[in-house]
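Since the structure comes first, as structure tokens, the remarks are kept for the end.
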Amino acid sequence: MKRVKKLLSLVLAMMLVLAMGSTVMAGAPTTPGADTTHTITIKNAYEGHVYGAYQVFSGTFFEGKLSNIKWGASVGDAGGSTLLGYLQGDDTFVKDGANVFADCATAEGVADVLATFGDNSDLLNAFAAHVEKVLSENPVGKSNGSTEKDGKFVYEIPVVGDGYYLIKDENGSMLDDEESSFTKLILEVVDDVTAETKVEALSVSKKIVDKDGNETTLNSVSVGDVIDFKVESKVPAMYNYDTYPLIVRDTPSEGLTFNKDVKVTIGGKEITSGYKIYLTPAEGNRGTEEITADTDMAGKSFQIEFDDLKALQAAEGFATDDLIEITYSATVNDAAVTSGANTNSVKLIYPKPVDPENPDEKDPFGETPESKTESYITKIQLIKKADSEDGEALSGAEFKLTGTSMHRVKATGIRFVPNEAGAYWKLKDNTYTDTDPETEGINKDNYVTPYERYDRVEYEEYVDTTEQKEITAWVDETNGELIFEGLGEGKYEITEITAPNGYNKLETPIKIWITLEKPTEAGKEAIWKAYEYTEEDADGNPIIAEGSKDLFNNEKSMVVYTVVNKSGATLPSTGGIGTTIFYVLGGILVVGAGIMLVVKKRMSSEK
């Protein structure tokens, strides 16, 4: 038999009114009596239910209320006596140190106590769970199919006699349903009556919480960032269960590392016991390997297991439908991807109702749909070119990256690392050479002293930038490219530290603003955009010139910027005195020379 894939949470939309008057739709009472036929109409958002009606209390409707209350046909005197034992032995009904049913000996006494419960769903649900234990095997009325009206499915149940009826899904009738929830109602029936069920399947939601407390399902991060998560659900109705194991399973992508900092709050109260945290098992639902301080959690799935949520409820006192809130964090690690989202999903694994046809089934669990978050990171590629963007690739350039959203940056290029046996030496112009300074004919004055040796290392590694907030690296000698990876949205400056031999170093830093736009349609990925800028407004926001080119290359999934170096000497033309002064000085010299020549000739004539 196909198993239920969603929690058929026990939805007890309790409309127990007793002597207080009905809260459901009903007409004026007809002639009361044990033989009066009434129709109970149930409206539900789902089809496929088979409802049974069980008479819990019988009575006679008189002057606006039910009187002469006795145990109904579905309970009987023997069942009523057993029910009293259940009620009087249940600590759920203890108030001010005493059980509220302690003095009850008759059906009417029980009804009088129930009338004091009002809309307390926990007490009413607990009562209904005990009632179900003593009901007769067959209902006194049963629905036969449904009709659809105004987007609802309408079920009709004929019953005979005034009283209070428990309406519930017949055993096994909803085990194949994937959407609906089991229903249980208690209704006062003195005439035709209509009730609309409140159907809420157990669900779970997961959100990212930013530093300002805002919640979202999508964000931009950098490698090394800590992401705070919040998982929410509600306490299910568990009265028809002896025990209620509940598993909260979290599945991160490889680029996220769980920080083992779970905090559980139920009904506003922090819960510190009643659950354990396990690595997700390769098979089955229950965990076997508990997480310790030494467990490596990079990219590992884990689960928070409540061994018995029902027992925990009894110990902690939280109520059905109270909010379950679980918070924890994960760190973005070096395995985070830049081509797409780094996802983190959560789902609940819960006990399914027992299948009457297979009561000994082991591990009968169902699952809720997953709730997922997405975290994006990106990278910048620099391409070094000679004289123009179409020029030859240049090597021998070193760059420094600083930015507002970087903790660990992966640089892909080359680097010179001190090594006593290295094959390279550093020159005073900050470049490196493989020519030994002791070589005959070499000018040692060009070398940085002492003559430290270096290794030329082609690398692809992360560097922690949390403290210095910067990273430097050389472009690859073979293709003139350098990649900085692990970046989030923000403002970045790229400064050329060393230019290739024979080329002019960039005079000003390259400024790039990277943003992440959330998708406007479900199922779509976020969109990166990047723009070069030179100025900021009063609030520090980059001012993007109209018509600026988007630097993000979707095919490469990165920001791509071509850095052009000009060869030869360059006279200053901006940011200083400019070339004009040289023209002025030259003009003055020419004029001065002319004047001197004229004066000299006059002096000669006078002689």
Side-chain angles (χ1 to χ4, degrees), residues 1 4 8 10-16 24 33-44 46-60 66 69-87 107 110-111 114 124-125 127-147 153-177 180-195 197 239-242 352-360:
M1 177 181 289
V4 184
L8 304 183
L10 184 60
V11 182
L12 301 177
M14 301 299 286
M15 301 178 183
L16 184 59
V24 295
D35 297 329
T36 305
T37 299
H38 307 296
T39 299
I40 301 172
T41 300
I42 305 296
K43 293 183 179 180
N44 196 304
Y46 301 96
E47 63 180 335
H49 287 265
V50 178
Y51 290 116
Y54 298 80
Q55 191 183 48
V56 180
F57 300 106
S58 65
T60 303
L66 200 67
I69 296 176
K70 300 185 181 302
W71 294 116
S74 300
V75 175
D77 291 339
S81 178
T82 302
L83 176 59
L84 272 172
Y86 289 142
L87 299 176
V110 172
L114 290 175
L124 295 173
N125 289 340
F127 173 77
H130 289 307
V131 167
E132 195 168 10
K133 299 174 186 177
V134 302
L135 293 177
S136 57
E137 183 177 351
N138 297 315
V140 296
K142 192 174 182 179
S143 66
N144 184 18
S146 63
T147 58
F153 292 92
V154 179
Y155 302 82
E156 293 185 348
I157 311 167
V159 296
V160 178
D162 298 341
Y164 288 92
Y165 288 80
L166 174 67
I167 315 299
K168 72 182 189 71
D169 283 291
E170 288 297 90
N171 289 337
S173 66
M174 293 304 295
L175 286 173
D176 288 336
D177 186 83
S180 185
S181 300
F182 281 121
T183 305
K184 190 178 279 88
L185 309 169
I186 290 183
L187 303 175
E188 179 190 50
V189 179
V190 295
D191 195 6
D192 293 346
V193 63
T194 298
T197 62
Y239 300 100
N240 272 19
Y241 295 84
D242 294 329
K352 297 186 301 185
V354 176
D355 182 354
E357 297 180 9
N358 189 17
D360 297 326

Donor-acceptor pair, side chain of Ser143 and main chain of Gly145, under 3.5 angstrom: no

Reported CG-to-CZ distance for the pair Leu83 and Phe127, which is rounded to 0.5 angstrom: 5.5 Å

Test item: Thr82 side-chain N/O and Ala78 main-chain N/O as donor-acceptor pair under 3.5 Å: yes

Shortest non-hydrogen contact from Val159 toward Ala53: CG1-CB, 3.7 Å

Between CG on residue Leu114 and CG on residue Leu124, distance to nearest 0.5 Å: 7.0 Å

Any donor-acceptor N/O pair, Gln55 side chain to Asp162 backbone, under 3.5 Å: yes

Distance in Å, Leu66 CG paired with Glu188 CD, rounded so as to fall on 0.5 Å steps: 6.0 Å

Distance in Å, Leu187 CG paired with Ile40 CD1, rounded so as to fall on 0.5 Å steps: 6.0 Å

Whether Trp71 and Phe57 hold their rings parallel, tilted or perpendicular, with breakpoints at 30° and 60°: parallel

Spacing of Tyr54 atom OH and Tyr165 atom OH [to the nearest 0.5 Å]: 13.5 Å

Interatomic spacing from OH in Tyr51 to CD1 in Ile167 - rounded to 0.5 Å: 10.0 Å

Donor-acceptor pair, side chain of Thr41 and main chain of Thr194, under 3.5 angstrom: no

Quiz item: cation-pi between Lys43 and Tyr155, 6.0 Å / 45°: no

Beyond-backbone contact of Val154 with Ile42, side-chain heavy atoms, under 4.5 angstrom: no

Any side-chain donor near an acceptor of the partner, Asp169 and His49, under 3.5 Å: yes

Closest contact, heavy atoms only, Ala111 versus Ile69: CB-CD1, 4.0 Å

Distance-minimising heavy-atom pair for Leu166 and Ala128: CD1-CB, 4.5 Å

Side chain to side chain contact (heavy atoms under 4.5 Å, CB included) assessment of Val75 paired with Leu135: CA-CA 5 Å; Val75 175; Leu135 293 177; 4.1 Å; yes

Taking every non-hydrogen atom, the tightest pair across Val140 and Ser74: CG1-OG, 3.5 Å

Exercise: identify the closest heavy-atom pair between Asp191 and His38: CA-ND1, 3.2 Å

